[in-house]
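Structure, as structure tokens:
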Number of protein chains: 2
Amino acid sequence: MSIHVTEQIAHPSCEELELGAVLHALSDPVRLSIVAELARCDGECTCGSFALPVTKSTCTHHFKVLREAGVIRQRQSGTTRLNQLRIADLETRFPGLLGTILRSSRG
Amino acid sequence: MSIHVTEQIAHPSCEELELGAVLHALSDPVRLSIVAELARCDGECTCGSFALPVTKSTCTHHFKVLREAGVIRQRQSGTTRLNQLRIADLETRFPGLLGTILRSSRG
DNA sequence: AGCATTGTACGACGCCCGTCGAACATCTGC
DNA sequence: GCAGATGTTCGACGGGCGTCGTACAATGCT
């Protein structure tokens, strides 16, 4: 018998978000493409739904960096892990930041 | 006799600016404070005019990273080096980016 | 039960980053 | 000319990053 924990995955709170960590998380092209895709989907996406040019373990690493920086929220659902942009929290702490970066990345 | 070269210091052109490099440059607290100070001065500042918690050589390194990312422009004047934010170029390539980051860093 | 799918954990590798100190270059002022 | 100020360059150091492969865990499907 295992204890049912709603939130096994560690996330920083809204107040704990740090600008440097967010900028560093978004400075990697793979992670930026993940964030751009999440913004486009506008919902929850599984880790595997991204066609990334890296292996699974590297993928796990990038999602972890994004989560620990507070850019995304991860939620377990069966064997898959659902990812979601923390748009509201980011907007609260760093107004306009995510939008301008995403617009800049689109070219 | 030495050849008088106007631009000895290498800078990327406006079109060469890369978002990842800019975000990485601004993800370091020392460099972000340099950029914030340059934005406040709204002019040209010498490298030594910043009270940074690092040695001279580390300082040189940070200014180099900012310059190669295209965030600042450096110009030699006697023994000192004058630094200036490339506000117009950054605004052209990444509209609103510098402003939102600076506002976020002050908040 | 057995197998496939999804993702994590761990160790390894090379590389770059932030930092420092020492030595050097260049200009300015006495 | 010489001393001081301003930065750069170089090598070194520790640490972290991005990447991979392998092994493992958990769930879903037949």
Side-chain angles (χ1 to χ4, degrees), chain A residues 1-11 18 20-35 37-38 44-69 71-84, chain B residues 1-11 18 20-35 37-38 44-69 71-84:
Chain A
M1 189 193 324
S2 67
I3 306 173
H4 187 286
V5 183
T6 310
E7 187 81 3
Q8 314 95 321
I9 311 172
H11 291 80
E18 287 181 18
V22 172
L23 293 180
H24 172 251
L26 298 179
S27 69
D28 181 88
V30 174
R31 290 194 292 264
L32 187 56
S33 74
I34 291 174
V35 172
E37 181 70 12
L38 280 174
E44 290 180 315
C45 306
T46 67
C47 294
S49 69
F50 301 83
L52 298 173
V54 290
T55 63
K56 274 195 306 177
S57 49
T58 302
C59 198
T60 296
H61 163 70
H62 284 310
F63 277 100
K64 184 180 179 186
V65 172
L66 287 171
R67 169 168 48 84
E68 292 182 342
V71 178
I72 66 171
R73 173 162 281 124
Q74 292 191 294
R75 184 170 67 83
Q76 198 71 26
S77 169
T79 62
T80 73
R81 191 164 279 199
L82 296 176
N83 301 279
Q84 193 175 20
Chain B
M1 187 193 327
S2 67
I3 306 174
H4 186 287
V5 182
T6 310
E7 186 81 5
Q8 314 96 319
I9 311 173
H11 291 81
E18 287 182 18
V22 172
L23 294 180
H24 173 251
L26 298 179
S27 69
D28 181 89
V30 174
R31 290 195 291 264
L32 188 55
S33 74
I34 292 174
V35 171
E37 181 69 12
L38 280 175
E44 290 180 317
C45 306
T46 67
C47 294
S49 68
F50 302 83
L52 298 173
V54 290
T55 63
K56 274 195 305 177
S57 51
T58 303
C59 198
T60 297
H61 163 70
H62 284 310
F63 277 100
K64 183 180 179 185
V65 171
L66 287 171
R67 169 168 46 85
E68 293 183 340
V71 178
I72 66 172
R73 173 163 280 124
Q74 291 190 294
R75 185 170 66 85
Q76 198 72 24
S77 170
T79 62
T80 72
R81 190 163 279 199
L82 296 175
N83 300 279
Q84 193 176 19

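It should be emphasised that the depicted structure is a prediction, and the values quoted were computed from it without experimental measurement. Order of the sequence lines fixes the chain letters, A, B, ..., with proteins taken first and strands second; residue numbering starts at 1 for each chain.
- Summary of the strand contacts: A:S57 and A:S77 both lie near DNA chain D, and taking for each the nucleotide with the nearest heavy atom, the more 5' one is attributed to A:S57.
- Close to D:dT6, at under 4.0 Å from its OP1 or OP2, lies no side-chain N or O of B:R81.
- Residue B:T46 places at least one side-chain N or O under 4.0 Å from the OP1 or OP2 atom of D:dG7.
- Atom CD1 of A:I9 and atom C1' of D:dA26 are 13 Å apart (whole Å).
- For A:T79, the side-chain atoms get nearest to D:dA26 when compared with the rest of D:dG7, D:dG18, D:dA26.
- Rounded to whole angstrom, the span from the NZ atom of A:K56 across to the C1' atom of D:dA23 amounts to 11 Å.
- Atom C1' of nucleotide D:dG28 and atom CD of A:Q76 are separated by 13 Å, given to the nearest angstrom.
- You can see that DNA chain C meets the heavy atoms of chain B within a 4.0 Å-exclusive cut from C:dG18 to C:dC27, reading 5' to 3'.
- Residues A:Q74 and A:C47 approach most closely at NE2-SG, 4.0 Å, considering heavy atoms.
- The two residues A:I34 and A:F63 come nearest to each other via the heavy atoms CG2-CE2, 3.7 Å.
- Panel note: side chain A:R81, backbone A:T46; no donor-acceptor pair is recorded below 3.5 Å.
- Taking CG of A:N83 as the start and OG of A:S49 as the end, the distance is 7.5 Å to the nearest 0.5 Å.
- A donor and an acceptor atom, one from each side chain of B:H11 and B:R73, are nowhere located under 3.5 Å apart.
- Remark: of the listed residues A:L66, A:L82, A:V65, A:L66 is the sole one forming a side chain to side chain contact (heavy atoms under 4.5 Å, CB included) with A:I72.
- Of the residues in residues 58-68 of chain A, those with a non-hydrogen atom less than 4.0 angstrom from any atom of DNA chain D are A:T58, A:H61, A:H62.
- With 3.5 Å as the limit, one finds a donor-acceptor pair spanning the side chains of A:T55 and A:T58.
- Atom CD1 of A:I9 sits about 5.5 Å away from atom CD of A:Q76, to the nearest 0.5 Å.
- Under the 3.5 Å distance criterion, the side-chain polar atoms of A:T60 are matched with a main-chain donor or acceptor of A:K56.
- As rounded to whole Å, 11 Å separates atom C1' of D:dT8 from atom CD of B:Q74.
- Comparing B:C47 and A:P53 against DNA chain D, the residue whose closest nucleotide sits nearer the 5' end is B:C47.
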